[in-house]
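Structure record follows, encoded as structure tokens.
Computed from heavy atoms alone, side chains included, the values below leave out hydrogens, waters and symmetry copies. For clarity, every value in this text was computed on a predicted model and none was experimentally measured.
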Amino acid sequence: MLKSTKRFKHDIETPQPRKWELAGYEATLPITEKSNPITHNIDKSDSAQIVQLLEECDAEIFRKEDNSVTNYKTLYSESILRTMVDTSKQVQELLKDSEDNLIVLSGCGTSGRLAFLLASSFNNLFKTASYGYIIAGGDKALITSQELPEDNPEAGIKMLNKISERKNKVMFIGISCGLSAPFVAGQLDVCMNNLDKFIPVLVGFNPINMARSDKIEGWHSTFFQVAERIQKLEKLHKAFVINPAVGPEGITGSSRMKGGSVTKILLETIFLAAHKALANNTDITDGYLLDLLRSYEKAHSITYSHSEAIAALVKQAGASLQQNGHIYYIGWKTLGIMGVFDASECVPTFGADFSHVRGFINNKEMANNDGDMSTLGLEFAISHDDFLKNVLPTIHRTDTIVFIFTLGDNEVPEIEKIAHQVKMSTDNLFAISHGTAWQHMPKHLEKLFSITISVTWPVMLSNYEGCYIQMFQRELSTKWILNAISTGAHVLKGKVYHNYMIDLKVSNSKLFGRALYIIQRFTGQTRSKCLEKLLQTVYETDELSEKIKNVEASKHIQHAATMNKIVPTAMVALMRNCSISEAKAQLASCSIVQEAISEFDTQKWTADHTEAAE
């Protein structure tokens, strides 16, 4: 039997921490779309409480299997570990011939961004060309939100064929946290039709029976059918499914958070084990994978030991957004890339403008396929030089600037130079630094920052020969901190109701379905009534023509993709039984979306219960 990990203290302290696992809890929803009971009232929380709640949600990643509650597989379940070991062995075999073999990682949004990061990191660290990546929407999606391409399986197939055409054997790792992305489904389908060349691997965080069963527009299958097929192939040892349940997201459906973190943990563990086994000519064992997973678990406790400082930074970032200010991440190396990713994810999640949260890195090229994309527009200008040229002259005292770096990278002079320049415009300078016990930030540099989150890593975590585990843990730690900053800031700005992203962009079929569910969840109206009001909001009319009613969903989504406050408008229109224009006017008169919805929801609740009493 595999040894289970220690339980976190809040397993006991948190009331009903596993309510989401009980039968009947939001029974119609997959795990990744359920609301997390832990964060139910996060919208009423202060910055310290927000960080505590997110810490508890992230800790669910490392919970052990508990068959007394449910039979969901977890990260530490024996079947998951066995599949990870078997996948790692296949990776080891492919690495022996990088000329003819390839490991392709593919995903949408956060999954695609992590596919890029992992592929480029392992190629760089191990001086190989064994890894490739595919992201829906192409390299533009690394920096900006490109949600609509997620719905196009044919585009995914075309990209897969191009990257794999000259290879004899390809492991294809399709990442879809909710087992829902048509873009990934199409590629998995191609792989299963050509098993002589492809080894299909599906990574997600729902049981197979919860895979998305909606018809994919213009395609012959559903994701559920693809997932069922790959599960059957797994039993024949021709494919792999890695799908631990790690609990609902802290912000409902926001898979950039736990989904992204678990994707990173799983795949890095698999790849690191394969590289070590190849280098040392040793076997890949359950024990070694467990050691790696537990080191990530330790990284969780190291990161959140700085909760007080993280909360202070969340409070400042929230104040910036509340005052129409901005949050800027200025980072170095892969930690800077984590900042770029976190910023890009705020647009679809919170309906933010790209300028509200932005990330900048220490060079123009991230080693992505398309290289420097700054000529495509201002949002693609992400180098430090771009920041100094385009942003620094506009910096206001209400803005928050976060420097992200690793001590010992010989970049202190550059960090200090930029910090001095920014300091002339605002005192809101903060730092997230990583180092080992003997590394200390120079006093003259530390004095430039109002708050410094100094994450110290013990030497013991770097004892994996040539595996670079600590670098990956620093990235994950940075991701957790930045997710807390941007999520917490938007919660404080009023972009979240209970733990739902009520101002999300309706920019693909998954988000369209999520928007519809949120409207129905809080108005209590029928699905058909909510769909009608959603479409009325999209087309800015109180009367829908038969033509509009009968067009395909993709047409509605194309129309909605660039619009703001679609969900809040539809909710207010239903709650107040008013026109779309009146609902928009009501929202315009209230600067905080959450407060507007809360006010109308309270009025509706009072009216309903008064009527019932009479």
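- Of the possible polar contacts, one joining the Asn36 side chain to the Pro248 backbone as a donor-acceptor pair under 3.5 Å is found.
- Side-chain contact annotation: Asn124 with Tyr131, donor-acceptor N/O pair under 3.5 Å absent.
- Here the closest non-hydrogen pair linking Thr39 and Glu249 is OG1-O, 4.5 Å.
- Remark: the Gln470 side chain and the Arg474 side chain contain an N/O donor-acceptor pair separated by less than 3.5 Å.
- Between Asn483 and Met257, the shortest heavy-atom contact is OD1-CA, 3.8 Å.
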Report task. Starting from the C-alpha separation in whole Å, work towards a yes-or-no answer on side-chain contact (heavy atoms from CB on, under 4.5 Å) for Leu511 and Arg514. Result -> CA-CA 5 Å; Leu511 296 176; Arg514 185 178 296 159; 3.4 Å; yes

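- For the atom pair CG of Leu293 and CE of Met84, the computed distance is 5.0 Å after rounding to the nearest 0.5 Å.
- Nearest heavy-atom pair across Ile31 and Met210 is N-SD, 3.5 Å.
- Considering Arg256, His356, Glu345 in turn, Arg256 is the only one that fulfils the side chain to side chain donor-acceptor pair (under 3.5 Å) rule with Ser486.
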Report task. Go through Glu147 and Lys505 one step at a time and tell me if the salt bridge (charged side-chain N to carboxylate O under 4.0 Å, His left out) criterion holds. Result -> CA-CA 9 Å; Glu147 302 292 327; Lys505 290 284 188 181; over 6 Å; no

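- Although no hydrogens or angles enter the test, the distance criterion places no donor-acceptor pair under 3.5 Å between the side chain of Thr263 and the main chain of Ser111.
- Under a 3.5 Å cut-off, the side chain of Ser477 and the backbone N or O of Thr303 do not form any donor-acceptor pair.
- The neighbour count for Lys34 NZ, taken as heavy atoms of other residues, nucleotides or ligands under 6.0 Å away, is above 12.
- Contact detail for Asp399 and His326: the closest heavy-atom pair is OD1-N, 2.8 Å.
- Atom CG of Leu54 sits about 11.5 Å away from atom CD1 of Ile485, to the nearest 0.5 Å.
- Checked against Phe472 for a side chain to side chain contact (heavy atoms under 4.5 Å, CB included), the options Leu125, Leu118, Thr334, Leu267 give a single hit: Leu125.
- A donor atom on one side chain and an acceptor atom on the other are not found under 3.5 Å apart for Tyr517 and Glu33.
- For Lys389, the NZ atom counts as loosely surrounded, since its 6.0 Å shell holds 12 or fewer non-hydrogen atoms of other residues, nucleotides or ligands.
- Between the CD1 atom in Ile327 and the NE2 atom in His490 there is a gap of 6.5 Å [rounded to 0.5 Å].
- The number of heavy atoms from other shown groups lying within 6.0 Å of NZ (Lys555) does not exceed 12.
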Query raised in the report: Could you walk me through whether Met471 and Glu475 pass the side-chain contact (heavy atoms from CB on, under 4.5 Å) check?
Result: CA-CA 6 Å; Met471 175 187 132; Glu475 292 170 0; 3.2 Å; yes

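- Side chains of Asp386 and Ser383: a donor on one and an acceptor on the other come within 3.5 Å.
- For the pair Ser88 (side chain) and Ala274 (backbone), a donor-acceptor distance under 3.5 Å is present.
- No side-chain donor-acceptor contact under 3.5 Å links Asn243 and Asn206.
- A distance-only check finds a donor-acceptor pair linking the side chain of Gln187 to the backbone of Phe183 [under 3.5 Å].
- Salt-bridge formation is not detected for the pair Asp370/Lys140: no Lys NZ or Arg NE/NH1/NH2 atom is positioned less than 4.0 Å from an Asp or Glu carboxylate oxygen.
- Residues Glu60 and Lys258 are paired through a salt bridge, judged by an N-O separation under 4.0 Å between the basic side chain and the carboxylate.
- In this structure, Asp139 contributes its side chain and Asn369 its backbone to a donor-acceptor pair below 3.5 Å.
- Residues Val201 and Leu188 approach most closely at O-CD2, 3.9 Å, considering heavy atoms.
- At distances below 3.5 Å, at least one donor-acceptor pair connects side-chain atoms of Ser120 with backbone N or O atoms of Leu117.
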Report task. Show your reasoning for whether side-chain contact (heavy atoms from CB on, under 4.5 Å) applies to Arg229 and Val226. Result -> CA-CA 5 Å; Arg229 191 172 158 210; Val226 169; 5.7 Å; no

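- Separating the CZ atom in Phe198 from the SG atom in Cys191 is a distance of 4.5 Å, to the nearest 0.5 Å.
- Side-chain atoms of Glu217 and Ser554 include a donor-acceptor pair closer than 3.5 Å.
- In terms of heavy atoms, Met501 sits closest to Gly253 at CE-C, 3.7 Å.
- Ring geometry for Tyr328 versus Phe360: interplanar angle of 30 to 60°, hence tilted.
- No hydrogens or angles considered: a donor-acceptor pair under 3.5 Å links the side chains of Arg212 and Ser509.
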Requested in this report: Apply side-chain contact (heavy atoms from CB on, under 4.5 Å) to the pair Phe350 and Lys493, showing each step before the final yes or no.
Outcome: CA-CA 10 Å; Phe350 302 110; Lys493 189 181 180 180; over 6 Å; no

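- In this structure, the separation between CD1 on Ile481 and NE2 on His434 is 5.5 Å, given to the nearest 0.5 Å.
- In the displayed structure, Glu165 atom CD is contacted under 6.0 Å by more than 12 heavy atoms of other residues, nucleotides or ligands.
- The closest donor-acceptor contact from the side chain of Ser344 to the backbone of Phe341 lies under 3.5 Å.
- Residue Ile382 holds its CD1 atom at 3.5 Å from CD1 of Ile143, rounded to the nearest 0.5 Å.
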Query - ring-ring contact (aromatic ring centres under 6.0 Å, His included) between Tyr296 and Phe62, worked out - result: CA-CA 9 Å; Tyr296 283 108; Phe62 303 103; 8.0 Å; no

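- For Gln316 (side chain) and Thr400 (main-chain N/O), no donor-acceptor pair under 3.5 Å exists by modelled atom type.
- When each of Ile361, Thr406, Asn362, Leu482 is checked for a side chain to side chain contact (heavy atoms under 4.5 Å, CB included) with Leu335, only Thr406 meets the rule.
- The closest donor-acceptor contact from the side chain of Thr222 to the backbone of Gln225 lies under 3.5 Å.
- Relative ring orientation between Phe122 and His275 is described as parallel, the plane-to-plane angle staying below 30° on a 0-90° scale split at 30° and 60°.
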